[in-house]
J.: 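Below is the structure I would like to discuss, written out as structure tokens.
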Amino acid sequence: MRDVRTELIRAVRAVLIASGVDDQVEAVVDRSARPEFGDFSTPAPLRAARVLRRRPIEIAEELRGRLEALQLPFVAGWTVSPPGYVNCRLDDGAWAPTVIDQALELDRGTPLVIPGEAPPRGRTLVEHTATNPNKAAHVGHLRNACIGDSVARILRRLGHEVEVQNYIDDTGVQVADVAVGLRHLGIAQGADEPYDRYCSRVYVEVGRRYEIDPDLVEERRRTLREIEAGDGETARFVKELASRVVDCHLATMRRFDIGYDLLTWESDIIALGFWSRAFELLRETGSIVHVTEGRHAGCWVMPSDGEEADDDDAKVLVKSDGVATYTAKDIAYQLWKFGLLGRDFRYRRWHPGDADSPATTTTGEAELPAEGFGRAARVINVIDARQAYPQQVVKRGLARTGHAEQAEQSIHLAYEVVALSPAAAEALGIPLEEGRKEYALSGRKGIEVRADDLLDKAWERVGEKAADAETATMLAAGAVRYYLEKFTLSQIIAFDFDDALRVTGDTGIYLMYSHARAAGIMRKVEAAPGPVVVPALEGAERALLHGLDGYRHALAEAGAALSPSTLCTYAFELASTLTDFYEHTEAIVREQDPARRAFRRRLVAATRATLADCLWCLGMPAPERV
RNA sequence: GCGCCCGUAGCUCAGUUGGAUAGAGCACCGGCCUCCGGAGCCGGGAGCGGGGGUUCAAGUCCCUCCGGGCGUACCA
């Protein structure tokens, strides 16, 4: 069977139809608001009253009769309460063992697909991280990576075929800036200074010098042109620089258990002529127009929907100097992602010797089959909300070139940025403004909290109590991830050190601690064989069973909404329910009745398994002890 | 100007796509270690920005106003 709630929804839907209401009325089933009503309740009769033109309470009585007649094996009885709810009380002896068994059978090798509902056909491509390879990753980049990684995990857990890509913009202004700085400013790398941090420092300094040194600005222009051209000394220098920073980023993300299937390089997109091919497609379909006068004179632009050429919303794709904009290359990339471009990369392993290494695109010798990459049915781009407009243009590019279906399956998973709380801003030496609640990060100005530094801080914090260094490493990474994932995507995170490094309350530490506690009980109480006999349930036990039963629903919901925070909320509730059980029922080690002891032990085992599964989806460790 | 997002307890945030009495963490105050791990638990006070509307039912949907953020580049 599926989870209890899904079964009840099916049953309610069936009796609604039998009563003459088709799908006009949704079969809503929720946990009962109060225990005295039962385990689950449906307000469907209230909604059906309008359609049937009858009193809700009468409809409720009728539905109750029909539901009773279904004789669902896990249901003890149905009641009606005014003004027109139908309530269900479960048969503990029937539903509890099923819920426990299902939790104990959780296996990450077996997707949690709902029986009868096959996972979607085709590949889902998730692009995330995409940090410019010119500086150390900061907490904003880390939010992107955590969201993307968890979405990928959740979808995989639900049986989707997922490919994760990290886009490397190695031809943009930002990397050019650092190249200029490295070549002309003579700043030395510190002895123990990691390369990405060194680049961060150079990046800030070169930004300052631009203000006072016009020659340096000219040098940037020249550098960009040479990068665009693709071969020559500068291009090689920049590729090397970007590669080294990418390695730093990969190492940083690996500390958070974040990995990738493929690195896609913008320089490869240019070198392999992706844009020129996309340009042909756009031109042939009339998706773009060449503007001869006005402020866009000499440019190729994509007009906005339903307006004439060169209106205010038109987006420039080719500048008057003939160079394609970033958005233009993004359209080409997006067409490739769906296998619509008619061109492909070549592929090899990024670091052949390293088992954790992703694959990478290359213009050199192909070592991996091309069929393994791209060709997506659905594309999810994890990109911050500020880029909604260019992402819309990318989507429009697909629609205009005749790929309405793929445009529909192009999802900009927008999330709000990470900013600094007043306290964090003050700690970084930023002057505070009256009434201002958040302060923007800026890699360019050096105003940032680096991902590695944050993790180091967390490690020191949890290390005070952790069993050993290895445990501290797990706890620190899990704590930081939870902090960055628990906010809804549309919420700006005003990053605060106290909140991020907290070890009590609604934190990743609490979740991992709960898991370790459950694991500890299992070490202390030996497993007992035989069938589960369900005793008279205490409140905390019933709550725990409901928590376990709700996992599939929560996971499916998080997957449908592409929302890790939904799963965070679920995880914290489950952990809290476990704590409640732990604190307010008799210790299992002291339980004398063997049947009850066995039942309670299995209940804890099922909870541990569910929590571990859930933590995996959130990219968090499930430690056996802390 | 136009578009998107945010506004829920002193602070930081949830709120199951419209359901019964709006939750949690932090902070503050007061309790709980002869008890499977106290990174815990129990108790205490206070809230849906304002105003209309739709509905049996609105934090949730519509309109409007007020605050705040972001976008609206031949930057990425």
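Basis for what follows: all heavy atoms, side chains included, without hydrogens, waters or symmetry-related copies. Lettering follows sequence order; numbering is per chain, from 1.
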J.: Please confirm whether the shortest side-chain N or O distance from A:Tyr326 to OP1 or OP2 of B:rA76 is below 4.0 Å.
T.: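 No, no such contact exists.
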J.: Would you check if A:Tyr85 stacks with the base of B:rA20, given a 5.5 Å centroid limit and a 30° plane limit, both strict?
T.: yes
J.: Rounded to the nearest 0.5 Å, what separates atom CZ in A:Phe497 from atom CG in A:Leu454?
T.: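 If I round to the nearest 0.5 Å, the distance is 7.0 Å.
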J.: Can you tell me how far apart CG (A:Asn381) and OH (A:Tyr167) are? Round to the nearest 0.5 Å.
T.: 11.0 Å
J.: How would you label the glycosidic angle of B:rU64: syn (within 90° of 0) or anti?
T.: anti
J.: Return the polar atom pairs (N/O with N/O) between nucleotides 26-28 of chain B and the protein under 3.5 Å, or none.
T.:
{"residue": "B:rC26", "atom": "OP1", "partner": "A:Thr504", "partner atom": "OG1", "Å": "3.4"}
{"residue": "B:rC26", "atom": "O2'", "partner": "A:Arg502", "partner atom": "NH2", "Å": "3.0"}

J.: Classify the nucleic acid contact of A:Glu573 as base, sugar-phosphate or nothing, counting any heavy atom under 4.0 Å across all strands shown.
T.: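 Nothing: the residue A:Glu573, judged by heavy atoms under 4.0 Å, touches no strand.
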J.: Which part of the nucleic acid, if any, lies within reach of A:Lys437 when heavy atoms closer than 4.0 Å are counted: base, sugar-phosphate only, or nothing?
T.: sugar-phosphate
J.: For RNA chain B, which ranges pair as stems of 3 or more consecutive Watson-Crick or G-U pairs, with both donor-acceptor distances under 3.5 Å?
T.: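 Counting only runs of 3 or more consecutive pairs, the stems involving RNA chain B are B:1-7 with B:66-72, B:10-13 with B:23-26, B:28-32 with B:40-44, B:49-53 with B:61-65.
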J.: May I ask you to evaluate whether A:Lys465 reaches the phosphate of B:rG37, defined as a side-chain N or O under 4.0 Å from OP1 or OP2?
T.: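 Negative; the distance criterion is not met.
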J.: Indicate, with a heavy-atom threshold strictly under 4.0 Å, whether A:Val417 touches base, sugar-phosphate, or nothing.
T.: nothing
J.: Quick one: is A:Gln392 getting a side-chain N or O under 4.0 Å of the B:rU72 phosphate, OP1 or OP2?
T.: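 So the side-chain polar atoms of A:Gln392 never come under 4.0 Å of the phosphate oxygens OP1 or OP2 of B:rU72.
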J.: Need one value for A:Lys524: base, sugar-phosphate or nothing, where a base atom within 4.0 Å counts as base even if backbone is also close, heavy atoms only.
T.: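 Since only primed, P, OP1 and OP2 atoms lie under 4.0 Å of A:Lys524, the category is sugar-phosphate.
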J.: Could you check whether A:Arg601 gets within reach of a base, just the sugar-phosphate, or nothing at all, counting any heavy atom under 4.0 Å?
T.: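 Nothing, no nucleic acid heavy atom in range.
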J.: Which part of the nucleic acid, if any, lies within reach of A:Asp330 when heavy atoms closer than 4.0 Å are counted: base, sugar-phosphate only, or nothing?
T.: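 The residue A:Asp330 makes no contact with any strand.
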J.: If the condition is side-chain contact (heavy atoms from CB on, under 4.5 Å), which residues does A:Val28 pass it with, not counting sequence neighbours?
T.: A:Glu26, A:Asp30, A:Pro43, A:Arg47
J.: Taking the side chain from A:Asn134 and the backbone from A:Gln174, do they hold a donor-acceptor pair closer than 3.5 Å?
T.: yes
J.: Under 4.0 Å from OP1 or OP2 of B:rA14: is there any side-chain N or O of A:Thr488 that close?
T.: yes
J.: Going by a 90° cut-off around 0, is B:rC66 syn or anti?
T.: anti
J.: Minimum heavy-atom separation for A:Val204 to A:Gly443, with atom names?
T.: CG2-O, 3.5 Å
J.: For A:Asn134, answer base if it contacts any base atom (sugar-phosphate contacts may also be present), sugar-phosphate if it contacts only those atoms, and nothing otherwise; contact means non-hydrogen atoms under 4.0 Å.
T.: nothing
J.: Of A:Leu475, A:Ile509, A:Val462, which meets side chain to side chain contact (heavy atoms under 4.5 Å, CB included) against A:Val626?
T.: A:Leu475
J.: Flag this pair as yes if the NZ/CZ of A:Arg220 is under 6.0 angstrom from the six-membered ring centre of A:Tyr210 and inside a 45 degree cone about the axis; otherwise no.
T.: yes
J.: Contact class for A:Ile492 vs. all strands (heavy atom < 4.0 Å): base, sugar-phosphate, or nothing?
T.: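 The residue A:Ile492 makes sugar-phosphate contact but no base contact.
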J.: Could you check whether A:Tyr513 gets within reach of a base, just the sugar-phosphate, or nothing at all, counting any heavy atom under 4.0 Å?
T.: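 Base contact - A:Tyr513 has a heavy atom under 4.0 Å of at least one base atom.
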J.: Under 5.5 Å centre to centre and under 30° between planes: does that hold for A:Phe37 and the six-membered base ring of B:rA20?
T.: yes
J.: Please report, rounded to the nearest Å, how far the P atom of B:rA76 is from the NZ atom of A:Lys315.
T.: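 Atom NZ in A:Lys315 sits about 8 Å away from atom P in B:rA76.
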J.: Touch check for A:Arg436, heavy atoms < 4.0 angstrom, all strands: base, sugar-phosphate only, or nothing?
T.: sugar-phosphate
J.: Has A:Tyr582 got its ring stacked on the base of B:rC36, with centres under 5.5 Å and planes less than 30° apart?
T.: yes
J.: Judged by each residue's nearest nucleotide on RNA chain B, which is more toward the 5′ side, A:Arg625 or A:Thr507?
T.: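 That would be A:Thr507.
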J.: Would you check if there is a donor-acceptor pair between the side chains of A:Thr327 and A:Asp330 at a distance under 3.5 Å?
T.: no
J.: Does A:Ser490 have a side-chain nitrogen or oxygen under 4.0 Å from the phosphate oxygens OP1 or OP2 of B:rC6?
T.: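 Yes, such a contact exists.
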J.: Has the side chain of A:Ser81 got a donor or acceptor atom sitting under 3.5 Å from an opposite partner on the base of B:rA20?
T.: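 By the distance-only test, yes, there is a pair.
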J.: Have a look at A:Val173 and say if it touches a base, only the backbone sugar-phosphate, or nothing, with a 4.0 Å heavy-atom cut-off.
T.: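 Contact class for A:Val173: sugar-phosphate only.
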J.: For a quick check of understanding: with a heavy-atom distance under 4.0 Å over all strands, which category does A:Ala49 fall into, base, sugar-phosphate or nothing?
T.: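 Nothing: the residue A:Ala49, judged by heavy atoms under 4.0 Å, touches no strand.
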J.: Working to the nearest 0.5 angstrom, can you tell me the gap between A:Leu158 CG and A:Arg552 CZ?
T.: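 Output value for this atom pair is 10.5 Å.
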J.: By nearest heavy atom, map A:Gln387 and A:Glu26 onto RNA chain B; which one lands nearer the 5' end?
T.: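 Nearest-nucleotide comparison on RNA chain B picks A:Glu26.
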J.: Looking at A:Ser320 and B:rC74, is any side-chain donor or acceptor paired with a base atom of the opposite kind under 3.5 Å?
T.: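 Between B:rC74 and A:Ser320, which were checked side chain against base, a qualifying N/O pair under 3.5 Å is present.
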